[in-house]
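We count residues from 1, following the sequence as given. Atom set for the values below is all heavy atoms of this structure, side chains included, hydrogens, waters and symmetry mates excluded.
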Amino acid sequence: MKKLSILLLAVYSMLLGACSSNTPTQTVKKALDALVDNNYETYVRSFYVEDKSDPQKVEDDIQDLVRMIERNLENHEDEKVKSYEILKEEQSRTGKYARVTYKTKNFEDKETESNFYLIKDDDGNWKIVMFGTEKLMED
C-alpha cells in the first residue's frame, strides 16, 4: 500500500508539472489568447516589469499601454490577430531567459513569424521582455 501511495504521488507530481502554466510557452499562449480575444489588459500584464517600487505608477503605465493598443487597433480591425501557432521554445544557456517563436495570422490572413523573449520575474513566473533581443539568449 505504501508503494502504491508513493507511485500515485509521483504520477500526480508529474501530471501537475506537465500542466503547469509557468512555462515560457504557456506564458506566450496566455498573452496571445488575450490578444485574439481583444483582452489587452491581460496581454499587457504578461510583460515583465523590472521596477515595481511604485505600484501606482506600474498600474498607470499598464493602463496607458492598454489604451494605446486599443487606440492603435481601433481603425485597423483587419490587423488584429485572428489566430496563432507556437513554433518552438528555446532557453538560454543559463535558463534565465527563453525565446518562444510563434506565427500569427491576422484578419487579412497575413501570416507573421515573430519571437517573444522571456525572463523569470522575482516570483519565479515567466514574463515577456517588452524589448527583448537575441542578445538575451547568449546569457
Side-chain angles (χ1 to χ4, degrees):
M1 186 67 161
K2 185 176 181 181
K3 288 182 183 181
L4 180 61
S5 296
I6 292 172
L7 179 63
L8 288 175
L9 182 60
V11 170
Y12 175 74
S13 296
M14 285 189 290
L15 287 174
L16 188 60
C19 297
S20 172
S21 62
N22 189 23
T23 67
T25 295
Q26 289 301 323
T27 299
V28 170
K29 282 182 177 182
K30 181 178 178 182
L32 292 174
D33 283 342
L35 204 53
V36 167
D37 293 338
N38 302 320
N39 183 344
Y40 306 120
E41 184 164 344
T42 297
Y43 174 72
V44 169
R45 290 187 187 280
S46 299
F47 288 96
Y48 177 68
V49 177
E50 186 172 357
D51 182 5
K52 297 179 185 177
S53 61
D54 184 350
Q56 187 57 54
K57 182 178 178 343
V58 170
E59 187 60 31
D60 291 346
D61 289 347
I62 287 170
Q63 295 307 318
D64 287 345
L65 186 53
V66 168
R67 284 190 293 277
M68 184 178 75
I69 292 169
E70 288 172 340
R71 277 194 310 272
N72 285 339
L73 291 175
E74 201 170 74
N75 297 318
H76 302 281
E77 289 287 324
D78 53 337
E79 293 179 17
K80 289 184 177 181
V81 175
K82 177 171 72 172
S83 63
Y84 69 90
E85 175 186 355
I86 301 294
L87 302 175
K88 65 182 172 181
E89 173 185 317
E90 301 168 280
Q91 291 205 7
S92 66
R93 287 176 294 169
T94 62
K96 182 177 180 181
Y97 299 99
R99 174 180 53 230
V100 174
T101 304
Y102 63 95
K103 182 171 40 175
T104 58
K105 184 184 285 190
N106 68 15
F107 283 90
E108 291 185 330
D109 287 331
K110 179 183 175 192
E111 293 185 346
T112 305
E113 188 173 313
S114 302
N115 295 307
F116 271 136
Y117 296 88
L118 297 94
I119 185 173
K120 277 195 176 184
D121 67 10
D122 295 337
D123 298 323
N125 297 310
W126 286 101
K127 294 290 188 172
I128 298 168
V129 178
M130 188 175 284
F131 300 108
T133 66
E134 193 61 30
K135 188 93 171 139
L136 296 175
M137 297 303 289
E138 296 173 7
D139 186 78

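- Listed by chain and residue number, nothing satisfies the side-chain contact (heavy atoms from CB on, under 4.5 Å) test with Glu74 (two or more places apart in sequence, or in another chain).
- Rounding to the nearest 0.5 angstrom, the gap separating the CG atom in Leu87 from the CD atom in Glu89 is 12.5 Å.
- Residue Val81 comes nearest to Ser83 through the heavy atom pair CG1-O, 3.5 Å, listed as atom of the first residue, atom of the second, then distance.
- The environment of Glu50 atom CD is sparse: at most 12 non-hydrogen atoms of other residues, nucleotides or ligands sit within 6.0 angstrom.
- Arg67 has a carboxylate O that lies under 4.0 Å from a charged side-chain N of Asp64, or vice versa, which qualifies the two as a salt bridge.
- Under a hydrophobic-cluster definition in which Ile, Leu, Val, Met, Phe, Trp and Tyr are linked whenever side-chain heavy atoms come within less than 4.5 Å, directly or via other members, Ile62 and Tyr43 are assigned to the same cluster.
- Counting only residues at least two apart or on different chains, the salt bridge (Lys or Arg N to Asp or Glu O under 4.0 Å) pairs with a member in residues 94-105 are Glu85-Lys103, Glu90-Arg99, Arg99-Glu134, Lys103-Glu111, Lys105-Glu111.
- Going from atom CD of Glu79 over to atom CG of Asn75 covers 10.5 Å, rounded to the nearest 0.5 Å.
- Ile69 and Phe107 are not part of a single hydrophobic cluster, where members link through side-chain heavy atoms under 4.5 Å apart.
- Counting all heavy atoms, side chain and backbone alike, Trp126 lies closest to Gln91 at CZ2-NE2, 3.9 Å.
- Heavy atoms from other residues, nucleotides or ligands lying under 6.0 Å from NZ of Lys110 number 12 at most.
- The number of heavy-atom neighbours closer than 6.0 Å to CG of Asp54, taken from other residues, nucleotides and ligands shown, is above 12.
- Using a 4.5 Å cut-off on side-chain heavy atoms (C-beta onward), Arg45 and Thr42 make no contact.
- In terms of hydrophobic clustering, with Ile, Leu, Val, Met, Phe, Trp and Tyr side chains grouped at heavy-atom distances under 4.5 Å, Tyr48 and Leu32 are assigned to different clusters.
- Not one N or O on the side chain of Asp123 forms a donor-acceptor pair closer than 3.5 Å with the backbone of Asn125.
- Side-chain contact, Gln56 with Asp60: a donor N or O sits under 3.5 Å from an acceptor N or O.
- If you take CG on Leu73 and NZ on Lys80, they are separated by 6.0 Å, rounding to the nearest 0.5 Å.
- The closest donor-acceptor contact from the side chain of Asp139 to the backbone of Ser92 lies at 3.5 Å or more, if one exists at all.
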- Task: Kindly determine whether Tyr97 and Leu118 satisfy side chain to side chain contact (heavy atoms under 4.5 Å, CB included), including the steps that lead there.
- Result: CA-CA 6 Å; Tyr97 299 99; Leu118 297 94; over 6 Å; no

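- Within a 6.0 Å radius of NZ in Lys135, no more than 12 heavy atoms belonging to other residues, nucleotides or ligands are found.
- Contact record, Ala98 with Met137: C-SD, 3.9 Å, taken as the closest heavy-atom pair.
- Cluster membership for Tyr117 and Tyr84, using ILVMFWY side-chain heavy atoms within less than 4.5 angstrom, is not shared.
- In this structure, Lys57 places its NZ atom where only 12 or fewer heavy-atom neighbours from other residues, nucleotides or ligands lie under 6.0 Å away.
- In this structure, the side chains of Asn38 and Glu70 stay at 4.5 Å or more apart for every pair of heavy atoms.
- Within the 4.5 Å cutoff, side-chain heavy atoms of Gln63 are placed close to those of Glu41.
- Taking both residues in full, the closest heavy atoms of Met130 and Phe47 are given as CA-CD2, 3.8 Å, listed atom of the first, atom of the second, then distance.
- Nearest heavy-atom pair, Val58 versus Lys52, reported as atom, atom and distance to 0.1 Å: CG2-CA, 4.1 Å.
- Across Val100 and Thr25, no two heavy atoms sit closer than the pair CG2-N, 3.9 Å.
- Listed by first then second residue, pairs satisfying salt bridge (Lys or Arg N to Asp or Glu O under 4.0 Å) with a partner in residues 26-37 number zero, not counting sequence neighbours.
- Interatomic distance, Asn115 CG to Ile128 CD1, rounded to the nearest 0.5 Å: 11.5 Å.
- The ring of Tyr102 has its center closer than 6.0 angstrom to the ring center of Phe116.
- Follow the hydrophobic side-chain contacts under 4.5 Å out from Leu136 and you never reach Phe131; the two are in separate clusters.
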